[in-house]
Amino acid sequence: MKKTTQKVLLLFALIAVMSVALCGCAGDKNEAGSSITVGIPQDLEDSLDPHKVAAAGTREVLFNIFDGLVKVDPNGDYYPALCSKYEISDDALTYTFTLRKGVKFHDGTLVTPEDVKYSIDRCSVAVGDAPLVAAYSNVKSTSIDDDKFIVTLNEPDTEFLAYMTTAIIPEDNPEPDTNPIGAGPYKFESRSPQENFVIKKFDDYYDDEHEAHIETVIFKVVGNMDTVAMELQSGAIDLLPRIPLSQAELLDDNFTVLEGTMNLVQALYLNNAFKPFDDPRVRQALCYAADPAEVMQFVSDGKGTEIGSSVFPAFGKYYMSELNDTYNTDIEKAKALLADAGYPDGFEFDITVPSNYTQHVETAQVLADEFAKIGVKANIKLIEWDSWLSDVYSKRQFESTVIGVDASSLTAASLLQRFVSTDSKNFINYNNADYDVAFANARAALNDAEKTKYYKECERILSEDAANVYIQDLPEFVAINNKYTGYEFYPLYIQDMAKLRLAE
Amino acid sequence: MKNRIKNINFILGASIICFMALFILAGKILPLRDPNAIDATLKFAKPSLAHPFGCDNFGREILSRVMQGSLSTFLIALGTVFIGTIFGVIIGAATGYFGGVIDEILMRVNDAIFAFPSILLALLFISLLGPGTYQVVIALGIAFVPSFARIVRGEFLKNRNMDYVKCARLMGASHLRIMVIHILPNTLRVLLNAILIGFNNAVLAEASMSFLGIGVQPPDPSLGRMLSEAQAYLFKAPNYALFPGLALILLVLGFGLMSDSFEK
Amino acid sequence: MKEDIILEVQDLNIEFHDHIIPETVVYDFDLELKEGEIVGLVGESGSGKSMSALAIAGLLSRKDMKKRGHIYYDGKDLLTISRNELRSIQGNDISMIFQEPLTSLNPVKRIYDQVEEPLRIHTDLDKEQRYEKVLKILKEVDLRDPEHVMKQYPHELSGGMRQRIMIATAMIMEPKILIADEPTTALDVTIQAQIVKLLKKLNEQRNTAIIFISHDLSLVSTLCRRVLVMKDGYIVESGPVKAIFEDPKEEYTKKLIAAIPKIDIDLGNGLQDE
Amino acid sequence: MRYALKKFVTMVITIIMVTLFVFLAFNLISGDPVISILGTDATPERVEALRRELHLDDPVILRYFRWFFNFMRGDMGVSYSYKINVRSMILEKVPVTATMAIMAFFLMIIIAIPLGIHTSKHQGSALDRTVIILNQIIMSIPPFFSGILLTFIFGRVLKLFTPGGYVSYQKDFGSFLWYMFFPSLAIALPKATMAIKLLRGSLISEYNMDYVRTAYSKGNSTNGVLYGHMLKNAILPVITFLGMALTDMIAGSIIVEQVFSIPGLGRILLTSISNRDYPVVLAIIVIISAMVLLVNMLIDIIYSLIDPRISFEE
């Protein structure tokens with residue numbers, strides 16, 4: 001009896017050791033042609049239909065698969081893509097696009113004007129009483145004239161070109177949600193939930209100038225961003241956008257860490273309908289108490305760019321750096337403002353923060369410490385991202401929150417429309433008559449100078465009225481293995497893989 | 001031979017727990033920096049005389065945070081075990097003693113909670129009552145009920161048809177009286193052991209919860225939260241992970257050795 | 001050693017060491033056992049009778065038990081020979097049965113495996129031969145339907161049957177000496193009589209010497225030819241059964257005999273247990 | 001056979017109860033799946049349209065039964081966020097978590113049994129002391145932290161595996177097993193230490209049982225008694241512990257999958273919970289609780305096979 005049990009145990013040990021030794025080396029990458037593994041913090045838990053995409057993380061990857069009539073370049077200008085050229089009528093009501101010939105979709109079929117009309121109508125024709133893409137409610141009609149595609153608007157809009165980057169997709173794609181077919185430099189290869197998302201170079205891409213160079217791009221979902229340095233060093237990841245600073249500092253010299261901006265407005269957003277934030281003096285007191293420089297010192301090692309209103313530097317002509325000095329830190333003034341607003345010994349409020357954004361959680365902690373100096377007690381409440389979306393963003397059941405708001409398109413409107421009192425996305429319940437007037441003027445203005453003047457006026461109101469406690473546009477660090485080069489920063493949520501090349 | 005090891009464990013365990021108790025108390029008495037006070041100049045200060053454990057990425061004093069953290073982790077574990085034991089005993093006693101239909105139903109509920117991922121339970125409470133320490137205690141407490149109930153049920157089943165129980169019933173003692181006065185004291189030893197082991201698991205569960213961002217809200221420290229925050233700076237400031245880890249290990253080691261010595 | 005003496009114990013002393021202060025349990029214990037002889041070892045519990053029996057059977061762990069004196073069996077001193085040599089004797093030449101039939105059998109192993117075990121240790125008989133031997137011994141201990149009993153587990157048998165299994169296991173190798181440590185104490189009276197009768201039968205058939213340990217004098221008087229009376233580790237009196245019972249010399253032995261309740265057991269009718 | 005049937009029925013009831021719990025839980029949890037599908041710039045009208053389409057406004061009980069009947073027909077529905085058929089998505093991931101659980105289970109046995117036996121045989125020896133102390137320390141390290149330490153030691157220092165270099169089992173089974181060895185070790189270690197302590201304790205208490213003395217009296221060697229007699233009795237409490245340990249390991253795997261970036265069921269469960277992706281969460285929970293209950297049933301059967309005193313109709 002005793003011999004058999006010992007033998008059994010020995011057998012176990014043998015099997016384990018054999019199976020472990022058998023597979024010895026870790027599999028090395030030997031796919032045909034060049035390939036690169038790009039780390040992404042979250043999987044594309046989203047539909048792959050370009051017109052229904054919800055998360056910014058999905059949009060930045062699908063940029064490589066779909067091309068629109070026009071496409072944006074790294075410094076925010078538009079160049080003709082599926083259209084060879086475009087004209088905007090003087091009254092900014094009609095946009096005419098001359099379609100390029102011989103452009104192919106990933107499934108080999110030709111891009112026809114009907115596909116273009118189908119894609120644009122799909123976004124603009126109202127379902128229920130609102131179109132798929134909000135901005136398209138201004139589209140009156142679309143029509144095809146031989147190889148020309150004409151879009152006519154209800155009201156004049158000089159900035160409408162920005163919305164013409166919408167993806168053009170084939171009309172007859174049976175499963176747009178799961179099998180994306182577009183006309184971009186890369187085509188969809190495969191996807192495995194929570195593991196990876198693979199795209200391959202589209203060989204007969206129409207635009208040689210913006211053609212892809214690297215054969216295969218594997219978007220790998222990173223499990224734990226706080227220890228990602230190990231995965232980079234081990235070669236499991238070659239390129240990692242938005243790498244936390246703590247991990248970037250650990251990388252050795254076969255990595256380069258590029259620095260850009262996250263292109264979002266990070267601020268302590270105050271629910272203006274919640275007492276005491278309905279009183280501008282209380283909001284201004286918080287602005288005086290807050291010190292963006294100290295926040296940047298802790299959260300991003302002093303590398304962020306301070307902002308004074310709801311526009312970040314990538315918006316060039318609209319960005320007003322002078323607004324940063326509206327509220328230079330002044331504890332006494334803050335206390336005074338609080339006193340005459342009826343809160344001599346401060347008050348208590350909650351800062352609700354989505355738990356998955358470490359920088360926002362850290363910012364909240366620094367702000368809480370700063371507010372303590374003027375007797376204001378800020379309790380930090382971490383909640384899940386989905387709860388934040390529904391409770392804070394849509395139901396507006398919150399007192400204050402730290403979040404970064406990005407722009408869906410390169411139009412100033414996409415950042416400022418949110419503060420119009422009647423706008424559906426006005427989650428801070430901001431209500432200022434002058435602001436509504438200024439914004440309306442800006443929308444109506446035809447010439448660029450006038451439009452910029454009114455948009456700047458909106459920004460000034462937000463700043464002086466202390467709609468929110470503005471902090472920074474967070475820095476973005478990108479770690480890239482020196483085997484690769486060519487990474488470019490974009491003003492919007494875009495990861496352009498076509499620009500990447502193998503370094504010689 | 002055997003009981004010599006036993007009381008060494010007991011002494012060792014007890015001394016570690018006293019040390020930790022003193023350590024936590026010191027946090028309250030000594031004039032230390034407020035655990036949440038931020039200071040840019042002290043960012044990642046190395047352990048020195050002025051800052052025995054060094055400072056974290058916010059320049060906060062790790063020493064006072066570990067003290068405060070140990071206290072909150074200890075209280076959470078205590079609360080969890082308390083809830084787990086109370087309901088565990090009630091369910092365990094009822095099912096073990098009466099058996100029959102009650103046993104069947106409660107056991108199924110028990111299995112259901114057992115198979116139910118505790119993370120989802122924690123999320124449920126967080127969204128119901130808002131994030132915070134108490135919600136974690138309730139969530140973990142309920143997640144711990146099944147294991148206690150199972151142990152108590154086993155003991156009650158064993159004792160139920162023992163002779164002394166039959167005699168007590170002969171004497172006309174009510175079921176409740178028998179359960180509380182007769183059977184319960186007999187299960188105390190096993191229960192005590194389960195409590196100690198439960199305590200360790202509670203401390204570890206709290207650490208995992210903090211890793212997922214549920215539980216003690218920042219900037220207040222808990223050992224679990226500090227560990228999960230420290231993993232990003234593992235190489236740059238190993239002391240940030242070392243001291244909370246050490247405190248966690250000592251806390252669990254103390255109770256582990258104690259439970260060892262209670263082993264029958 | 002004289003020719004028909006098979007076991008000689010010379011002033012055996014046993015000292016316990018696992019407590020802080022060492023405690024002596026048996027003082028200069030002497031015994032000479034002839035072949036086929038049945039010796040009774042009598043005394044209250046804690047008088048050291050079990051300890052000396054365990055020492056003879058080699059079951060006292062050598063670490064925390066200091067033993068002085070000698071136990072000569074077949075020319076070898078059991079206290080000093082190597083463990084392997086001792087093991088070849090245990091269960092083969094000297095075997096033992098215990099008081100608690102309930103816990104003395106391994107609860108998770110079948111009866112057949114437990115009875116067959118000495119054969120597997122001490123002999124190299126093949127499976128069939130072993131099966132035959134087990135069947136034979138089980139019949140000898142008056143067990144009904146041995147084939148069925150073999151497949152059963154200890155908890156499925158009565159106390160009496162289990163004791164018979166113990167005896168079968170001990171006797172399967174036809175040992176020269178069988179040490180019985182209060183084998184009947186845990187059984188009720190009728191079964192006790194059957195077990196004693198069985199031991200007597202085995203002694204006569206196989207000429208196995210028996211050291212019968214008990215605190216029940218009436219049993220000892222019916223079974224043993226010679227008796228040693230022990231008190232607090234010392235042998236206070238020893239001699240033929242009749243002499244000890246008719247005119248006990250020591251005060252302590254008198255008190256013991258006076259305490260025997262008067263029941264006369266009729267050994268004749270060989271009642272089978274239910 | 002009647003026993004197996006009864007056990008199966010209780011298992012189904014328990015799973016139904018678990019899924020009911022989850023349904024109720026999701027109903028109370030804040031966060032709305034529609035918003036996480038449509039995103040922040042969805043207009044209220046489209047939100048309403050999708051709510052009706054997904055029948056989210058029906059009473060909970062009705063939704064539950066609809067889900068239950070579909071589930072019974074094998075239709076696990078479509079994932080709200082991935083828009084992929086849930087069944088294919090999950091069945092592809094089950095082997096990942098299963099391999100980890102099984103590997104951890106065997107690792108635990110390979111580590112615990114020899115060490116448990118050895119330390120019980122040589123009580124108080126240097127090895128025994130170190131194992132006890134090591135046990136306590138390893139038991140007190142949270143799984144995510146032991147994961148990180150293991151990644152650092154085996155990954156960066158010893159370069160035995162590439163941290164984060166998970167290879168899917170479809171592509172290269174060898175390196176998949178190789179990579180999975182380390183997270184399994186991270187889960188198995190704390191449980192193995194517990195098993196060592198348990199086995200050692202129960203072996204020591206078996207020493208002074210009467211049948212051990214009988215075994216010795218038959219001439220068995222110490223090893224003979226240990227392996228032949230005592231191990232079978234001493235292993236019983238360890239087996240019940242193994243059942244519970246496996247459930248903890250599956251929970252632990254959720255955390256370790258995060259640390260070793262392994263796309264197993266745990267990761268999908270976590271992300272689906274935060275996306276309020278009901279069909280995926282429910283499917284995974286059914287699979288995990290089924291796995292857990294099945295194993296417990298298996299453990300009961302093994303237990304009654306070893307210990308004859310426990311009859312089947314217990």
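Given the structure is predicted, the values throughout are model-derived calculations rather than measurements. For the numbers below, each heavy atom of this structure counts, side chains included, while hydrogens, waters and symmetry mates do not. So you know, we letter chains A, B, ... as the sequences are listed, proteins then strands, and number each from 1.
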Check: chain B heavy atoms under 4.5 Å from A:Ile380: which part of the residue, side chain, backbone, both or neither?
Finding: both
Next item on the list: Measure distances from B:Asn36 to the heavy atoms of chain A and classify the residue's part below 4.5 Å as side chain, backbone, both or neither.
Entry: backbone
Check: To the nearest 0.5 Å, what is the distance between CG (A:Leu382) and CZ (B:Arg225)?
Finding: 5.5 Å
Check: Are there residues of residues 241-250 of chain B that reach to under 4.5 Å of chain A by heavy atoms, and which ones?
Finding: none
Item checked: Heavy-atom side-chain proximity of A:Val366 to B:Ile38 below 4.5 angstrom -> yes
Next item on the list: Please check if atom CZ in B:Phe44 has more than 12 non-hydrogen atoms from other residues, nucleotides or ligands closer than 6.0 Å.
Entry: yes
Next item on the list: Compare all side-chain heavy atoms of B:Asn57 with those of A:Ser246 and state whether any distance is below 4.5 angstrom.
Entry: no
Item checked: Contact origin within B:Asp34 toward chain A - heavy atom pairs under 4.5 Å -> neither
Checklist line | Considering all heavy atoms, the nearest A:Asp369-B:Ala37 contact | finding: OD1-CA, 4.0 Å
Notebook entry, point to check: Are more than 12 heavy atoms from other residues, nucleotides or ligands located less than 6.0 Å from atom CZ of A:Phe274?
Noted result: yes
Item checked: Heavy-atom contact with chain B under 4.5 Å, split by part of A:Leu250 -> side chain
Next item on the list: Please report the closest heavy-atom contact between A:Gln365 and B:Arg60, naming both atoms and the distance.
Entry: OE1-NH1, 2.8 Å
Next item on the list: Indicate the atoms forming the closest heavy-atom contact of B:Ala232 with A:Gln247, along with that distance.
Entry: O-NE2, 2.8 Å
Note to self: Looking at B:Lys28, I want to see if its NZ is surrounded by more than 12 non-hydrogen atoms of other residues, nucleotides or ligands under 6.0 Å.
What the structure shows: no
Note to self: Nearest 0.5 Å, please: how far is CG in A:Asp226 from CD in B:Gln231?
What the structure shows: 4.5 Å
Item checked: Test item: B:Lys236 side-chain N/O and A:Glu249 main-chain N/O as donor-acceptor pair under 3.5 Å -> no
Check: Any chance NZ of A:Lys333 has more than 12 other-residue heavy atoms, nucleotides or ligands included, within less than 6.0 Å?
Finding: no
Note to self: Could you report the tightest heavy-atom contact between A:Glu362 and B:Tyr233, atom names first, then the distance?
What the structure shows: OE2-OH, 3.8 Å
Next item on the list: Measure A:Asn224 against the heavy atoms of chain B and call it side chain, backbone, both or neither at under 4.5 Å.
Entry: side chain
